Amino acid sequence: MQDAGTTITADGRTIGPVVMEMKNITLRFGGVVAIQDISFDIREGEIRAIIGPNGAGKSSMLNVISGFYVPQEGEVWFKGEKRPPMKPFEVARQGIARTFQNIALFEGMTVLDNIMTGRLTRMKAGLLAQMIWKGRAEEEEIENREAVEKIIDFLEIQHIRKTPVGRLPYGLKKRVELARALAAEPSILLLDEPMAGMNVEEKEDMSRFILDVNDEYGTTIALIEHDMGVVMDLSDRVVVMDYGKKIGDGTPDEVRNNQAVIDAYLGVAHD
Amino acid sequence: MFYREAGDFKTSYKADNQTFPIRFDRYRFYAVLAVAWLVIPFVINDYLANAILLPFLIYSIAAIGLNILTGFAGQVSLGTGGFMAVGAYSAYKLMTAFPDVNVLIHVVLAGFITAAVGAAFGLPSLRIKGFYLAVATLAAQFFLVWLFNKVAWFYNYSASGQINAPERTVLGVPVTGANTAPWAAYLVCLGFVTVAALIARNLTRGTLGRKWMAIRDMDIAAEIIGVNPLTAKLSAFAVSSFFVGVAGALFFAIYLGAVEVGEAFGIQKSFLVLFMVIIGGLGSIFGSFAGAAFLVTLPVVLKLVGVDLLGWPTDLVAHFQLVIIGALIMFFLIAEPHGLAQLWRVAKEKLRLWPFPH
Ligand SMILES: Nc1ncnc2c1ncn2[C@@H]1O[C@H](COP(=O)(O)OP(=O)(O)O)[C@@H](O)[C@H]1O
Ligand SMILES: [Mg+2]
């Protein structure tokens, strides 16, 4: 099907070669098989969706990619090389950022500080410079602040810059979490149900941001979504999971007409 | 109409990063510094120094240290007394082994030694959290006190088991030993406090501070943005212990002069500094000062009012003090975990709007 090489999408975006590949991943928790022998790939610059009913193993898959779970079997290939087992912070330093299904922000810090943490891996001032707040420490604080302010403008959250995150409503928290992930300027962005619990308007905003990020920065995006409709509009290719197995993989149209997918979705009551 | 930030717009990120972005706050801060450095040294006497100023300054450093660990990095510690003892005994060994080296350098070195010891005792924090970590640091507390009691090398085999600070001078002026003038002891402590507060403020508002707070607020999310929990936690233990060690060294060398470890650095000390941090405000440098000031002056004020003025028996006043502290701890833990510092912030916000609250 889609080997190395570059394709241009209908809306004019460039999709490059495979950047990440999951090969025969199996993940068990005791007796529960969360992921069973799943393989799929993610190409540079694409929006790749993972969908499926609750408990299908979608979040577990992201957790394997970001290093929280170590699969019992299978390999993760990144940029053409087999990735050794890695801690989450090491994965982050390779340029992979993510958000969580249940928001994982730093509640005690302001919006600005939360987003600044997204740039921690870029800040290299030594302890001494930090102690006296001079030289490299002061410079990089300002440089990175400028980068963060661009993201704040982009996501339209200027008005809450100095607000402690704990005081924000749910929808804005989701947006701040996206901002923190973007602040890292990742090459791959993993989003776990970025639109869960949002109203229609908030979902539209979020969809727009995701498309803009992909379009403007060329960021590769892998996103989990529960809701078929949203995903079909956003993504270039879709992996469908059910009970830990892959039951479909292809363009939104291909997936929509796949009988196994239709059965899985009809057989499950979902909101 | 005197406390205003109107018209005080920030035109650069540098200005926005200031410690005191509001001009009024900045001037008040300079005023406090000027009084501390230029006025108090001339009016200080033995009573003021020993009852209030020296303990206040030294406990402020200890509270800043513990606040970095507990308030900023979220790692509970009940080992503060033990780490202060490490600072004190390090200073003692250094002072007696290298009498020609300036005592200020010994105090700093004692801080570094304590930082190393603190980082070592911080290792369990990589595996355990909260209550279990508190118990582990409690074990460190008891172990350290036991160690300094048992191993005679630490107190140079003195018959009493105590350590005594020999006389040392800075620029020819005695700062330790019996001949120390109150102003000299005060200036040494003030110097350390000023530098400690500046360093702590800079560290906590920058990269390292954000790493600590990230680990405190949600360690999983901290990892996902690339924070290595190992270095974040151990650096918090090391930096925190550095300040606590300096405080211990000053407490011994400048303030007490003679120390018996269980008495000076027992578990009560760990709790006292922890209470300062809780009452003053977790995660606030200013709160560390407020908490230290409060718990140092409380017994002094209670004695003045209760014993001297109202003629109550001393032991009644002492019990009364425990009740007050206990009640305050409960109040702050339940109602205001950010302590006096937060009450102060809220009061300022109210004042900013006064007299038009809406
Ligand atoms: N840490 C864990 N321990 C035990 N079981 C888990 C854990 N994480 C996920 N699971 C199980 O793995 C399965 C897939 O969960 P998850 O990946 O969260 O699904 P999804 O995100 O598709 O809703 C579920 O049966 C869940 O109970
Ligand atoms: Mg999930």
Side-chain angles (χ1 to χ4, degrees), chain A residues 66-68 87-100 103-109 112-134 136-146 148-149 161-162 165-166 177 180-181 183-184 190, chain B residues 5 10 12-19 21 68 71-74 115 126 195-233 235 238-239 242-243 281-284 337-338 342 345:
Chain A
S66 57
F68 279 110
K87 295 261 169 55
F89 73 88
E90 294 167 321
V91 173
R93 289 173 187 186
Q94 294 210 319
I96 300 178
R98 71 171 285 183
T99 66
F100 288 82
I103 301 167
L105 284 169
F106 308 120
E107 300 268 319
M109 300 158 75
L112 180 63
D113 272 332
N114 264 277
I115 306 174
M116 286 292 281
T117 62
R119 299 190 68 79
L120 280 176
T121 50
R122 291 166 187 275
M123 300 176 76
K124 302 267 185 257
L127 188 64
L128 199 65
Q130 290 189 53
M131 276 163 58
I132 57 174
W133 199 259
K134 283 275 171 285
R136 195 76 206 100
E138 198 179 22
E139 284 160 26
E140 72 180 6
E141 184 76 16
I142 291 169
E143 285 162 19
N144 285 290
R145 174 74 185 273
E146 278 161 3
V148 163
E149 288 291 337
R161 202 188 263 118
K162 296 277 173 86
V165 159
E177 205 191 10
R180 184 184 65 195
L190 312 172
Chain B
E5 55 178 333
K10 302 294 166 293
S12 71
Y13 297 134
K14 186 180 158 105
D16 199 39
N17 279 338
Q18 288 177 106
T19 297
I68 283 176
F72 285 94
L126 304 175
V195 175
L198 277 177
I199 290 176
R201 165 66 191 158
N202 286 339
L203 285 182
T204 52
R205 67 173 159 162
T207 309
L208 196 54
R210 289 198 191 97
K211 283 184 185 166
W212 291 337
M213 289 187 276
I215 286 285
R216 170 196 70 189
D217 282 355
M218 191 171 271
D219 47 5
I220 288 180
E223 283 196 60
I224 212 62
I225 51 166
V227 175
N228 181 349
L230 178 100
T231 52
K233 287 180 181 173
S235 66
V239 173
F242 176 85
F243 289 124
L282 288 162
S284 159
H338 297 290
Q342 179 67 10
R345 255 193 302 272

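What you see is a predicted model, and the numbers here were worked out from it, not measured in a lab. We name chains A, B, ... by the order of the sequence lines, and we start the count at 1 in each one.
The structure places CG of L198(B) at 11.0 Å from CD1 of I132(A), a figure rounded to the nearest 0.5 Å.
Judged purely by atom type and a 3.5 angstrom limit, E141(A) has no side-chain atom pairing as donor or acceptor with the backbone of G206(B).
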Taking it one step at a time, do K124(A) and T207(B) satisfy side-chain contact (heavy atoms from CB on, under 4.5 Å)? CA-CA 9 Å; K124(A) 302 267 185 257; T207(B) 309; over 6 Å; no

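With chain B as the partner, the residue from E138(A), E107(A), Q130(A) showing the most heavy-atom pairs under 4.5 Å is Q130(A). Of the listed residues (E90(A), M116(A), R98(A), K87(A)), the greatest number of heavy-atom pairs within a distance under 4.5 Å of chain B belongs to M116(A). Highest contact tally toward chain B, considering only R180(A), R145(A), Q94(A), R93(A), is held by R145(A) [criterion: heavy-atom pairs under 4.5 Å].
In this structure, chain B has heavy atoms under 4.5 Å from both the backbone and the side chain of E146(A). Of the two parts of K134(A), neither the backbone nor the side chain holds a non-hydrogen atom closer than 4.5 Å to a non-hydrogen atom of chain B. Heavy atoms closer than 4.5 Å to chain B are found nowhere in R119(A), neither backbone nor side chain. With a threshold of 4.5 angstrom between heavy atoms, I199(B) approaches chain A through its backbone and through its side chain.
With contacts defined as side-chain heavy-atom distances shorter than 4.5 Å, the pair N202(B)/M131(A) does not qualify. Between T117(A) and M213(B) there is no side-chain heavy-atom pair separated by less than 4.5 Å. At a threshold of 4.5 Å between non-hydrogen side-chain atoms, the residues L203(B) and L127(A) count as touching. Put simply, the side chain of L120(A) reaches to within 4.5 Å of the side chain of R210(B), judged on heavy atoms.
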For residues 219-228 of chain B, which side-chain N or O atoms pair as donor and acceptor with protein atoms under 3.5 Å away, sequence neighbours left out?
residue	atom	partner	partner atom	Å
D219(B)	OD2	K129(B)	NZ	2.6
N228(B)	OD1	L230(B)	N	3.0

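The side-chain contact (heavy atoms from CB on, under 4.5 Å) check on R201(B) picks up T19(B), R205(B), with sequence neighbours excluded.
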